[in-house]
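Order of the sequence lines fixes the chain letters, A, B, ..., with proteins taken first and strands second; residue numbering starts at 1 for each chain.
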2 protein chains.
Amino acid sequence: MKSTIPEAGVPITPPAAGNGGDRQEASLHGEILLRLRDYVAEGNIPEGGRVPERQLCEMLGISRTPLREALKVLAAEGLIELLPNRGARVRQLSQRDLEELFDVMAGLESLAGRLACEAITDEEISAIERLHYEMYGHYLHRDMPSYFQINQQIHESIVAAARNETLKTTYANFAGRIRRVRYSANFARKRQRWAEAMREHEAILDALRRRAASELSDILFQHLRNKRSAAIEHLAEGQDTRPETTSQGG
Amino acid sequence: MKSTIPEAGVPITPPAAGNGGDRQEASLHGEILLRLRDYVAEGNIPEGGRVPERQLCEMLGISRTPLREALKVLAAEGLIELLPNRGARVRQLSQRDLEELFDVMAGLESLAGRLACEAITDEEISAIERLHYEMYGHYLHRDMPSYFQINQQIHESIVAAARNETLKTTYANFAGRIRRVRYSANFARKRQRWAEAMREHEAILDALRRRAASELSDILFQHLRNKRSAAIEHLAEGQDTRPETTSQGG
DNA sequence: AAGACAAAAAATGAATGCAAAATGGTTCTC
DNA sequence: GAGAACCATTTTGCATTCATTTTTTGTCTT
């Protein structure tokens, strides 16, 4: 009974025949890596759930070799964890893990702001200002999803303005790690916190206009710190089960 | 003359029969990963040089499967790059790449200092003070290697005091990436810069004692920035060939 | 003699096969 | 009847094998 591919060809995502255009991977394992990363980040596998190789192989229509290569990379990225002889599991993020992740994100954005002050152009600032006002509109209309989307664009604009591809990549990596959590914590914001966030964003813009690197660095860190508090509180309320993952003794 | 690598059958490191004790990897690919990472980071393969699978397999006494898994991870870590159908190469760091890496390191240390101010104990500060004075002794005796070693310990202590394992891991990752460069740039410091660095370290200690988070953050960033300048200048002098690696368009 | 084309050789990418470990279920013992 | 032990099945880890692609080498043409 070696029906390796009983109903293969049922891809996780629509068969990437067109190759969306964002970034293509020539090799199979690269393709698999991109798809698996999204698959896991979008929460298709429950926290701590097993990642069965065989099943995924059938689902993706590939053999185990490239899949296992992709799993190793995902483990290195921190999305999953590999237990010796016991397969891969979706990494459970304890509350502490989340706090740490948010803090590192805060540090990266803080750095981005600092660097941005050195290199950002007036045009880029104008673009961020436009985003800011657009976001303000969503805020007034209490349109949380749109607000959140623009908010993310602003932060990404700051990271982009830092002119540091390494930072950008690292930032994206960490953003991917908490993506799974964000899916449920996006709307953690209370009204109170929302207004506060708007004020902070105005301060960010102000510091950016003046190219006040240290100040912007501080503001951004605090801004993310407050975000962290909101998210953590929200999660603490919503979930009773706060798994204590084995802290990877790095 | 294709063998840039020692003869086969000679293990990179003594066969880890005892398993030193720092961190053991049960799986073979994990073991390989650790060894290969060190092997590459220590500069055993020239910049941009090929990483021949077959040769490494013989050298390590394993098959290609676990080796390739390790290579994928190293590529994800940024130590090597994988060209489709053309194998792995040791990643060449352009001057720009180095600048970016140093800046990210600066951001991470800056963050570490900020976080450390929240959690560091008096005992930890005392320990860092002791290291500082020890380092000062090496400075007076112009003992550059010892100075550098203690210097690294101080920075690691600050990162440890941040109480953030994620940050610590990330920091170690980036430190590994520039390790190869540090091997040649360690002693880039001019006398002038050396004295300056000592003063900065005193300022760091001062801010740490006062738990002045923002201030320490600024000082640490600047300190690393100055380090960056010194290293980059040194490399610019020493090397004419500054390869323009294809900036990975993440 | 230099360049171009073609075939051989080598290396890479992925699939398959095999041994060891883990999981699950059943049976045996107390 | 409950718990431990044993065996079958599944799963994982690694080696081996097969198919492409690349690189090299040799020959031929201009």
- Would you kindly compare Ala88(B) and Arg64(A) by the position of their nearest DNA chain C nucleotide and give the one closer to the 5′ end? Ala88(B)
- Please list, chain by chain and in numerical order, all residues satisfying side-chain hydrogen bond (donor to acceptor under 3.5 Å, both in side chains) with Asn226(A), sequence neighbours excluded. Glu200(A)
- Once you build an axis from the first five pairs and another from the last five of the helix from dA1(C)-dT30(D) to dC30(C)-dG1(D), how far apart in angle are they, to 10 degrees? 10°
- Query: Taking atom P of dT12(C) as reference, at what distance in whole Å does atom CZ of Arg54(B) sit?
  - Reply: 10 Å
Could you list all N or O pairs between the protein and nucleotides 19-23 of chain C that sit under 3.5 Å apart?
from: dT23(C); atom 1: OP1; to: Arg86(A); atom 2: NE; distance (Å): 2.7
from: dT23(C); atom 1: OP1; to: Arg86(A); atom 2: NH2; distance (Å): 3.1

- Can you list, by residue number, the residues of residues 65-75 of chain A that have a non-hydrogen atom closer than 4.0 angstrom to DNA chain D? Arg68(A)
- Note on the structure: Those residues at least two apart in sequence (or on a different chain) that pass salt bridge (Lys or Arg N to Asp or Glu O under 4.0 Å) with Glu156(A) are none
- Query: In chain order, what residues pass the salt bridge (Lys or Arg N to Asp or Glu O under 4.0 Å) check against Glu109(B), with sequence neighbours excluded?
  - Reply: none
- Phosphate oxygens OP1/OP2 of dA14(C): is one of them under 4.0 Å from a side-chain N or O of His29(A)? yes
- salt_bridge(Glu42(B), Arg179(B)) N-O dist < 4.0 Å: yes
- Rounded to whole angstroms, how far apart are CD on Gln55(A) and C1' on dT11(D)? 12 Å
- Query: Can you name the salt bridge (Lys or Arg N to Asp or Glu O under 4.0 Å) partners of Arg89(A), sequence neighbours left out?
  - Reply: none
- Length of the line joining Ile32(B):CD1 and dG13(D):P, which is rounded to integer Å: 15 Å
- Message: Between P on dT12(C) and CG on Leu83(B), what's the gap in Å once rounded to a whole number?
- Response: 11 Å
- Task: Tell me, please, which residues at least two apart from Ser63(A) pass side-chain hydrogen bond (donor to acceptor under 3.5 Å, both in side chains).
- Result: none
- Across all chains, not counting sequence neighbours, the salt bridge (Lys or Arg N to Asp or Glu O under 4.0 Å) partners of Arg68(B) are Glu69(A), Glu53(B)
- By side chain to side chain contact (heavy atoms under 4.5 Å, CB included), Ala75(A) pairs with (sequence neighbours left out) Ile80(A), Leu82(A)
- Using atom CG of Leu82(B) as one end and atom P of dT22(D) as the other, report the distance to the nearest whole Å. 15 Å
- Query: Leu56(A) has an atom CG; how far is it from atom C1' of dT11(D), in whole Å?
  - Reply: 13 Å
- Set of side-chain hydrogen bond (donor to acceptor under 3.5 Å, both in side chains) partners for Asn164(B), sequence neighbours left out: none
- Message: Without decimals, in angstroms, what is the distance between Leu28(B) CG and dG13(D) P?
- Response: 11 Å
- Task: With the side chain of Ile62(A) defined as its heavy atoms from C-beta on, choose the nearest nucleotide among dA15(C), dG13(C), dA14(C).
- Result: dA15(C)
- Could you give the CG-to-P distance, from Leu33(B) to dC14(D), as a whole number of Å? 12 Å
- Contacts of Glu77(A) meeting side-chain hydrogen bond (donor to acceptor under 3.5 Å, both in side chains) (sequence neighbours excluded), chain-then-number -> Arg37(A)
- For Phe221(A), is the NZ or CZ atom of Arg114(B) found under 6.0 angstrom from the centre of its six-membered ring and inside 45 degrees of the ring axis? yes
